[in-house]
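Presented below is the structure to which this report refers.
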Amino acid sequence: MSVAWWRLLRRLLVFLLGALLLGALVGQWQLALGLAASAALVWQLWQLYQLERWLNSGSQAMRPSRAGAVWNGVFDHVMRLRRQSRKRKRKLGRLLEQFQQATAALPDAAVLLDDDNRLLWCNAASRRLLGLDMGRDSGRPITHLLRYPGFVAFLGPRREPDSIEFPAPVDDGLLLSARIVPYGKKQRLLLATDVSRVRRLEQMRREFVANVSHELRTPLTVISGYLETLLDSDDPALEVWRQPLRGMQQQAGRMLHIIEDLLMLARLESQRERSPRRPVAVPTLLADIADDAVALSGEQNHCIELQADQGLWLLGCEKELRSAFSNLVFNAVRYTPAEGRIEIRWFADDSGLHLVVADTGEGIAPHHIPRLTERFYRINRDRSRISGGTGLGLSIVKHVLNNHGGQLHITSEVGVGSVFSCDFAAELRATPPVAPLPCRVSPTGQGC
Ligand code: ADP
């Protein structure tokens, strides 16, 4: 107990004893004690009243004086708390101001949503990009404010992919990319960025590559044609030129191949030109590709085995699928030493439809695998060039699979071989007009 309390108790005791003595002198000690106790109580109540009035009168009001040591202590304590609270308030105010300035300066829209997807708060950029207004829209469901079709599904618990692109509600010319991040207790932050410029630049790059490829194709075809005519000629004067002409024809062919692949990639990347999906007879397609692979293998005499579920067709674009599957099979031939084994399997299981191309080739070191689908990424540039590669094959495979909602999985071990697996969703399964029995096909007409 503090000194002030002892002093108060002592004073109270002296006061009550004094009253008791005085009362005893006049023969009314109970009355005197009762009056003294009431007076002490009234005094304390008065101090309490003063404190309550002072607390209600705001922080600037003068504190009551002459309140006694204990009450002075209480007043001092409250004043200290008030000062601390004022300081904290000022600090929080400054922080809030800084936060508001920072969010106002953000070029991206930031929208805070509760667990019912109702708008709790949004920054200044949300008005410019999403047409939201804190005063008008606070508490309203975001799905009533942003009505883009895929957006509601995107807000759901299973968010795939992790961002969505849609035209800005305030301006069709703006393309926004939105992401959702968990925030605080059951709240979520919707972040929307203007990606129009990036997408425009990507489009320009795609168009540039497509235009250049297109412009180069005609002169190169003409040059190839002339070279072929010259090589077919019996003119003895051309005999000394035969070797260089062959080299020129080979290089022109390679350039044409690259141009064809670049045009294919440009077509695949262009969303507007996405080909319609039709049932594709994958077993027949694979049999054709396997025959071509046998021809490509030639004297290397690879053992190429095809195992395809004949009743399994795929909803997709035949041209794109042919390009993707042949790239995988031809790669297996090109990167597998002579007499090696190449297995092509087409089947369905619980997880979907799968094309697996496995070889016993040179294999790929693990650090190369994540980068294989990048354009012109080659493990060994010279090796790829000699074998007729363009460095675009797996990039085409990835884009074709993307367009079909599929995925490419690569596993490989150096010196043992590689397995490339294309996985499609079960919904893409199509049945042939008359389903034949499953059978095993070997492109060479015989087992290996
Ligand atoms: P390329 O035209 O050079 O073959 P791709 O995009 O088809 O280009 O393949 C990229 C690289 O991946 C190739 O250069 C090669 O090194 C490697 N690769 C692809 N398929 C295989 C395979 N079956 N076995 C080993 N390496 C492979």
Side-chain angles (χ1 to χ4, degrees), residues 209 213 220 250-269 286 289-290 292-298 300-307 319-346 354-404 406-423 443 448:
V209 173
S213 310
L220 257 178
Q250 208 179 17
Q251 292 306 321
R254 215 173 86 74
M255 277 198 268
L256 266 174
H257 195 174
I258 293 176
I259 284 170
E260 292 300 337
D261 277 1
L262 281 173
L263 283 171
M264 177 80 183
L265 268 175
R267 262 196 306 275
L268 286 169
E269 280 183 333
L286 290 176
I289 293 172
D292 291 346
V294 172
L296 180 68
S297 168
Q300 294 187 78
N301 205 22
H302 291 101
C303 165
I304 301 172
E305 195 182 5
L306 168 65
Q307 233 177 299
K319 193 174 168 201
E320 290 181 9
L321 291 170
R322 181 181 288 276
S323 172
F325 295 169
S326 53
N327 266 312
L328 290 179
V329 175
F330 297 164
N331 270 353
V333 173
R334 289 195 279 118
Y335 298 106
T336 301
E339 309 287 338
R341 186 183 176 86
I342 293 156
E343 226 179 83
I344 309 162
R345 282 187 292 127
W346 170 239
H354 313 276
L355 171 82
V356 175
V357 180
D359 62 55
T360 55
E362 57 199 52
I364 305 160
H367 65 277
H368 288 300
I369 292 180
R371 299 196 58 191
L372 286 183
T373 54
E374 287 173 23
R375 284 165 195 226
F376 296 112
Y377 187 84
R378 285 170 284 199
I379 297 169
N380 183 332
R381 195 166 282 268
D382 295 335
R383 167 90 173 74
S384 158
R385 204 171 288 147
I386 291 164
S387 64
T390 61
L392 296 168
L394 292 180
S395 188
I396 290 177
V397 174
K398 188 184 88 175
H399 276 88
V400 170
L401 292 186
N402 275 353
N403 284 1
H404 287 77
Q407 281 188 327
L408 175 69
H409 289 110
I410 308 170
T411 50
S412 187
E413 200 178 324
V414 177
V416 177
S418 312
V419 180
F420 288 75
S421 161
C422 306
D423 304 324
C448 303

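Model, not experiment: these values are computed from the prediction. Ligands are counted one by one from 1 in listed order, and the atoms in each one are counted from 1 as well.
Contact detail for Ser412 and Ile364: the closest heavy-atom pair is OG-N, 2.7 Å.
Residues satisfying the side chain to side chain donor-acceptor pair (under 3.5 Å) test with Asn331, not counting sequence neighbours, are Arg334. Checked against side chain to side chain donor-acceptor pair (under 3.5 Å), Thr373 has no partners two or more places apart in sequence or in another chain.
Under the 4.0 Å criterion applied to side-chain N and carboxylate O atoms, Glu343 and Arg341 are assigned as salt-bridge partners.
A salt bridge (charged side-chain N to carboxylate O under 4.0 Å, His left out) check over residues 364-373, counting only residues at least two apart or in different chains, returns the pairs Arg371-Glu374.
Residues of the protein with a heavy atom under 4.0 Å from ligand 1 are Asn331, Ala332, Arg334, Tyr335, Asp359, Ile364, Leu372, Tyr377, Arg378, Ile379, Ser384, Gly389, Thr390, Gly391, Leu392, Gly393, Leu394, Ser418, Phe420, listed by chain and number.
Counted by atom type alone, His302 and Ser297 present one or more donor-acceptor pairs between their side chains at under 3.5 Å.
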